[in-house]
Every structure is written in C-alpha cells, then in structure tokens.
A.B. asks: 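One structure follows; several queries about it will come next.
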Amino acid sequence: MLEIKNLHVKLEEEDKAILKGVDLTVEAGKVHAIMGPNGSGKSTLSYVLSGRDGYEVTDGSATLEGEDVLGLEPEERAAAGLFLAFQYPVEIPGVGNMTFLRSAVNAQRKARGQEEMSSSDFLKEIRAKAKDLQIGQEMLKRPVNVGFSGGEKKRNEILQMAMLEPRLCILDETDSGLDVDAMKLVAEGVNALRSPDRGFLVITHYQRLLDHIVPDVVHIMSNGRIVKTGGPELAREVEANGYADFKETV
C-alpha cells in the first residue's frame, strides 16, 4: 500500500537533513508503529507524506498504491486516501464542525467522481459515528476544535477519519496530552476502523498507546533512519530500556 524507498528530506530554510534514507512498507490491513526519541525524524516523515510546506525531498520516493504521492498537492493526497491526524489539531474559528466535515466529505467524493452525500444521509452517518466516540450534538455544532479539550480534539479527529474513510491513516503522536480514559476512547475509535483494505502508521514516543492499538509491526527510528524493526515486543523493550541502545547503532 505505502512504499517508501531511500527517502531523504531536509528543512528548506536551514538546509538541514532530517530524513537520511528511510525505507518503509505499510501493507493494507496492517498497523505499523514508529517509535523514536525527539528529533529522530518521526513527525517529519508524517509531514512530508501529507505535503506540509517547508521540507524538500532530496532523494527517494513514496508511493501510495503505486501512485507517487510526493508529486501531489495536499488535497490530492487526501483524495487519494491519505489522512493525517495531527499531534496538535488546529482550531478553525467561525467554521462549524458539521459544515467542515460535510464540505470535506463531499470535496473528496467529488474528486473521486462520486455523487455528493445528501444532507439527510450525512446527518444519519455523522450522528451514528459521533455516538460511538461519545461526541454529543452540541460538540458537533461548535466551531472546529475551538474551546475543545485535548481529548475532545483527538476524538474529533478520529470522527473526521471515520467520515472520510481513508486508505492510509497516519497518527502523529495522537496520544500526546491525553489522560488514560481519553486515550482508550481514541484507541477504540481507531480499532473500529481497522480493516483488510486500510493501513495505519502510528507515530508515538511511548508504548502505552500500543497497549490499546496493538501494532503488527514496530519500527525504531533514530537519526533520520529506521534502525530496527520487530513485533509488538520491540515496543515493550523500548519501554523497559529506553532508546540508548538504538542510538548507538546509528
């Protein structure tokens, strides 16, 4: 599904290399987790895949189901089925949550040559999905993320993901700032979206999230490269011993 080969990326303004030859394959139906210390390049990888400005790809490739995603605009990547859940979801004052979500859903449907979702169908679907995430009607009517707690913002992003039904979901430290109850709720929302034709790339510092979103594969990133790959037990090894051993392998 996602195929990354020898990806090198630098910051445009500082001419500083961040990713130094990343190789990664995420298969449909699988959850891959990337762990690593601060500055290892985890979030940069998610930014580059989603099309954030400020980064320059100097070598390598990234394809989603055979299509070169690095050559697409951010909205084209979204229409192709790529979704990024931010570490710090942005607020959009003046734009209602329901209006935002319906616009996003129909924009993607239009880009894929599908008919727009009617108001009644949209309301029926969003209310059902919101109920599963314990998102009340009042929260749906508020401006996007304005005045939301950390947990509400993350649940709102999982709702967006559920409505857009992407092929590849990238979660960039989605457990950041969440208490245990909020993290469990978010994890339940993610697990409900696991399917044979959808892949996940979960980026996190800590093993605790992976107790709830159990990955098929765990990668350790250090100094801009993936330095070790294993199963869920690798995350527990990091939790017990830290990243020192992996830094030494770079």
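Just the heavy atoms: all of them, side chains too, but no hydrogens, waters or symmetry mates, feed the values below. Throughout, residue positions are numbered sequentially from 1 according to the sequence presented.
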A.B. asks: Flag the pair K153 / Y88 as yes when at least one side-chain heavy-atom distance between them is below 4.5 Å, and no otherwise.
C.D. replies: no

A.B. asks: Please tabulate, one pair per line, all N/O donor-acceptor pairs under 3.5 Å involving side-chain atoms of residues 185-200, not counting sequence neighbours.
C.D. replies:
from	atom 1	to	atom 2	distance (Å)
N191	ND2	A187	O	3.2
N191	ND2	H212	O	2.8
R194	NH1	V214	O	3.0
R194	NH2	V214	O	3.1
S195	OG	D197	OD1	2.7
R198	NE	P166	O	2.6
R198	NH1	L193	O	2.7

A.B. asks: Find out if a path of hydrophobic residues (ILVMFWY) with successive side-chain heavy-atom gaps under 4.5 Å connects V146 to F100.
C.D. replies: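 Not linked; separate clusters.
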
A.B. asks: How are the rings of Y55 and Y47 set relative to one another: parallel (under 30°), tilted (30 to 60°) or perpendicular (over 60°)?
C.D. replies: tilted

A.B. asks: Under a 3.5 Å threshold, yes or no: a donor from one side chain and an acceptor from the other, between E152 and N156?
C.D. replies: no

A.B. asks: With a 3.5 Å distance limit and no angle check, can you tell me whether K42 reaches the backbone of I34 through a side-chain donor-acceptor pair?
C.D. replies: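 Side chain of K42 to backbone of I34: no pair is present.
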
A.B. asks: How far does CG of L101 sit from CG of L164, to the nearest 0.5 angstrom?
C.D. replies: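 Between L101 CG and L164 CG, I get 7.0 Å after rounding to 0.5 Å.
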
A.B. asks: Looking at CD1 of I170 and CZ of F83, how far apart are the two atoms once the value is rounded to the nearest 0.5 Å?
C.D. replies: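 Rounded to the nearest 0.5 Å, the CD1-CZ separation comes out at 10.0 Å.
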
A.B. asks: Hey, which of T44, T58, V22 is the one that makes side-chain contact (heavy atoms from CB on, under 4.5 Å) with V9?
C.D. replies: T44

A.B. asks: Should L159 and L140 count as side-chain neighbours, where that means a heavy-atom distance under 4.5 Å?
C.D. replies: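 Of all side-chain heavy-atom pairs linking L140 with L159, at least one is under 4.5 Å.
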
A.B. asks: Does any part of the side chain of F148, heavy atoms only, come nearer than 4.5 Å to the side chain of R142, both counted from C-beta?
C.D. replies: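 Heavy-atom side-chain distance check passes, below 4.5 Å.
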
A.B. asks: Quick check: does any side chain N or O of E157 sit under 3.5 Å from a backbone N or O of F86, one acting as donor and the other as acceptor?
C.D. replies: yes

A.B. asks: Less than 4.5 Å apart, any side-chain heavy atom of L2 and any of H32?
C.D. replies: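 Counting from C-beta outward, L2 and H32 never come under 4.5 Å.
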
A.B. asks: Please check this pair: side chain of Q114 against backbone of R112, looking for a donor-acceptor N/O pair closer than 3.5 Å.
C.D. replies: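 Flag not set: sc Q114 to bb R112 has no pair under 3.5 Å.
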
A.B. asks: Does any N or O in the side chain of N106 come within less than 3.5 Å of the main-chain N or O of M117, such that one atom is a donor and the other an acceptor?
C.D. replies: yes

A.B. asks: Which atom pair, heavy atoms only, marks the closest approach of R77 to L49?
C.D. replies: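 Between these two residues, the closest heavy atoms are NH1-O, 3.0 Å.
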
A.B. asks: Is any side-chain heavy atom of L45 less than 4.5 Å from a side-chain heavy atom of M221?
C.D. replies: yes

A.B. asks: How many angstroms lie between atom CG of D23 and atom CD of E3, to the nearest 0.5 angstrom?
C.D. replies: 8.5 Å

A.B. asks: Going hydrophobic residue to hydrophobic residue with side-chain gaps under 4.5 angstrom, can you get from V217 over to L171?
C.D. replies: no

A.B. asks: Can you tell whether the side chains of E116 and R102 come within less than 4.0 Å, N to carboxylate O?
C.D. replies: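 Looking at E116 and R102, the cut-off is not met.
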
A.B. asks: For the residue pair P89 and K154, what are the closest heavy atoms and their distance?
C.D. replies: CD-CE, 3.7 Å

A.B. asks: The criterion is side chain to side chain contact (heavy atoms under 4.5 Å, CB included); which residues satisfy it with S50, sequence neighbours excluded?
C.D. replies: L82, L84

A.B. asks: For G151 versus A182, what's the shortest heavy-atom pair and its separation?
C.D. replies: CA-CB, 4.2 Å

A.B. asks: Any side-chain heavy atom of L7 sitting closer than 4.5 Å to one from L70?
C.D. replies: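 When only atoms from C-beta onward are counted, L70 and L7 do touch, with a gap below 4.5 Å.
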
A.B. asks: Which distance, rounded to the nearest 0.5 Å, do you find between the CD1 of I126 and the NZ of K124?
C.D. replies: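 Those atoms lie 15.0 Å apart.
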
A.B. asks: Could you give all pairs that pass the ring-ring contact (aromatic ring centres under 6.0 Å, His included) test and reach residues 175-198, with sequence neighbours left out?
C.D. replies: none

A.B. asks: Return the CG to CE distance between L201 and M1, rounded to the nearest 0.5 Å.
C.D. replies: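 Here the rounded value is 12.0 Å.
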
